[in-house]
Colleague: 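Mind having a look at this structure? Questions to follow.
Naming convention: chains lettered A, B, ... in sequence-line order (proteins, then strands); numbering from 1 in each chain.
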Protein chains: 2
Amino acid sequence: MTVDADRAVARKAQIFEAAAAVFARLGYHHARMDDVVRAAGVSKGGLYWYFRSKEELATGLVHQMLAHEAEAMRAVMTAGAPAADRLRMVVRAFARELAQNPDRAPLALELLALGRTIPEIRTCFDAHHEQFVEHLAVLLAQLGGPDSPAPGPRARTAALAVAAMIDGMVLRWTLARSPFDLEDALWAAVQVLLRGLRETGPR
Amino acid sequence: MTVDADRAVARKAQIFEAAAAVFARLGYHHARMDDVVRAAGVSKGGLYWYFRSKEELATGLVHQMLAHEAEAMRAVMTAGAPAADRLRMVVRAFARELAQNPDRAPLALELLALGRTIPEIRTCFDAHHEQFVEHLAVLLAQLGGPDSPAPGPRARTAALAVAAMIDGMVLRWTLARSPFDLEDALWAAVQVLLRGLRETGPR
DNA sequence: TCGACACGACCGACCAGTCAGTCGAGTGAG
DNA sequence: CTCACTCGACTGACTGGTCGGTCGTGTCGA
């Protein structure tokens, strides 16, 4: 294939980083390819050597971001720790990630909305969400305690609720004028949800 | 001001309706003003008589949609029914609204994302969210039962969680490839949340 | 007759994408 | 060793289509 594939990978990464920053600052539609070019320290032609179009750049960026997140999730899932602790780690990972670069959340929101126009982005988010719920369901089933949701459909329903809770709280945090402590609020809410989930008898 | 203010209001409403449909179908950025013009049965000049720019049209649309929703919320709040029933009504209103026109949710998501570029939209959503949480807090405090969250900060925190739950579930529903029954899932999740909220002793 | 309202052809800024060309690292025949 | 040639990577000035917005011109009710 390429003589030096590593170079290509590095170049792509460099462009992704620049694109993320530019898209985060200006928003996808207002960002000019020339802006990305400038930020990445590449030429216009160089950019188009690696990406066929602006949409492909955005799609690639989504892939990269979600892959990164999936990687983190997989790491948590395979960590040798009690399920309760691993759940806590998931929440903390979200909060830390967003606290460190607050631009990420609005960027993700915009890319998500972009899914309406670019089907592949939608598909990508879709698959990612599906897998996230799947992971959560496993985690919840492993929680232990006699009344933790049983594996199977019940755990999946519970996982959907937890996932929605996380999404919603992150969304609120993203949009809030006076940002609250995301980790605290998120963890508290998830705990409340779990408490409600226990004690759930038939139906 | 206008000789016939009613006519102007009607015209605006007609344009809003068309704009909502076009934006929902094509997405804000892909939608051409000419598309809106065609859909609304107005001329370009007519459209620009009422809206100074595309952004102002979008902003107006956001105002109108949120005002409509706020209206519905106020109606629920002042309804003469037990708090539990009113909460149920809120959930049902969401589910029905979205079931009736499934295009609304993605449209709202896109407009929300547009808030990154158009500050007034962001402000508008912000105020709306704030008020929504406020209403929910009142509702939760009125829920009755000895352990319903007390009015004040505690109710507000609880309300934030409930609001996030609703947002998140709607988001999941919006993006899900195989849409589930939103009303069921939402109500179940809210109930779980409330159950967890009860029994919450000090801290 | 007047002015609010409506019309739609037209303008021109803007920007994604192109393309003709440069550069430097291989390759291999003589 | 070297010269002629290939090829992948990269450059940046340029273009052509696309729309948001304008403007000169009606129309019609009061």
Colleague: Is the side chain of B:Arg52 donor-acceptor paired with the backbone N or O of B:Trp49 at a distance under 3.5 Å, no angle test?
Modeller: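 No, B:Arg52 side chain to B:Trp49 backbone: no donor-acceptor pair under 3.5 Å.
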Colleague: Looking at D:dC10, I'd like to know if its phosphate oxygens (OP1 or OP2) sit under 4.0 Å from a side-chain N or O belonging to A:Tyr50.
Modeller: yes
Colleague: At under 4.0 Å between heavy atoms, what does A:Phe51 touch on the DNA or RNA strands: base, sugar-phosphate, or nothing?
Modeller: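 Result for A:Phe51 = nothing.
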Colleague: Reading nucleotides 11-17 of chain D 5' to 3', which nucleotides get B (base under 4.0 Å from a protein heavy atom), which S (sugar-phosphate only), which -?
Modeller: BBB----
Colleague: Is there a donor-acceptor pair closer than 3.5 Å between any side-chain N or O of B:Asp181 and the backbone N or O of B:Asp184?
Modeller: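 Flag set: sc B:Asp181 to bb B:Asp184 pair under 3.5 Å.
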Colleague: Quick one: side-chain hydrogen bond (donor to acceptor under 3.5 Å, both in side chains) partners of B:Arg74, sequence neighbours excluded?
Modeller: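 Scan of B:Arg74 (side-chain hydrogen bond (donor to acceptor under 3.5 Å, both in side chains), adjacent residues dropped) gives B:Glu71.
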Colleague: Aromatic rings B:Phe23 and B:Tyr28: how do their planes relate, parallel, tilted or perpendicular, breaks at 30° and 60°?
Modeller: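 Ring orientation of B:Phe23 relative to B:Tyr28: perpendicular.
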Colleague: Measure from the side chain of A:Arg32, starting at C-beta and using heavy atoms only, and say which of D:dG20, D:dC10, C:dA16 lies closest.
Modeller: C:dA16
Colleague: Keeping the roles fixed (side chain from B:Trp173, backbone from B:Phe180), state whether a donor-acceptor pair exists under 3.5 Å.
Modeller: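 Looks like yes, one N/O pair under 3.5 Å.
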Colleague: In this structure, how many angstroms lie between the P atom of C:dA16 and the NE2 atom of A:His30, rounded?
Modeller: 12 Å
Colleague: Starting at atom NZ of A:Lys54, determine the distance to atom P of C:dC14, rounded to an integer number of angstrom.
Modeller: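 One finds 15 Å between P of C:dC14 and NZ of A:Lys54, rounded.
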Colleague: Rounded to whole Å, how long is the line connecting atom NZ of A:Lys12 with atom C1' of D:dC10?
Modeller: 16 Å
Colleague: Expressed as a whole number of angstroms, how long is the span from B:Tyr48:OH to C:dG8:C1'?
Modeller: 13 Å
Colleague: To the nearest Å, give me how far apart NE2 (B:His29) and P (C:dC14) are.
Modeller: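 Going from B:His29 (NE2) to C:dC14 (P), I get 17 Å.
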Colleague: How many Å lie between CG on A:Asp35 and P on C:dC14, as a whole number?
Modeller: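 After rounding, the gap between these two atoms is 13 Å.
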Colleague: Report yes or no: is the cationic atom of B:Lys54 (NZ for Lys, CZ for Arg) closer than 6.0 Å to the six-membered ring centre of B:Tyr48, at no more than 45° off its axis?
Modeller: no
Colleague: Whole Å only: how far is the CD atom of A:Glu55 from the P atom of C:dC15?
Modeller: 17 Å
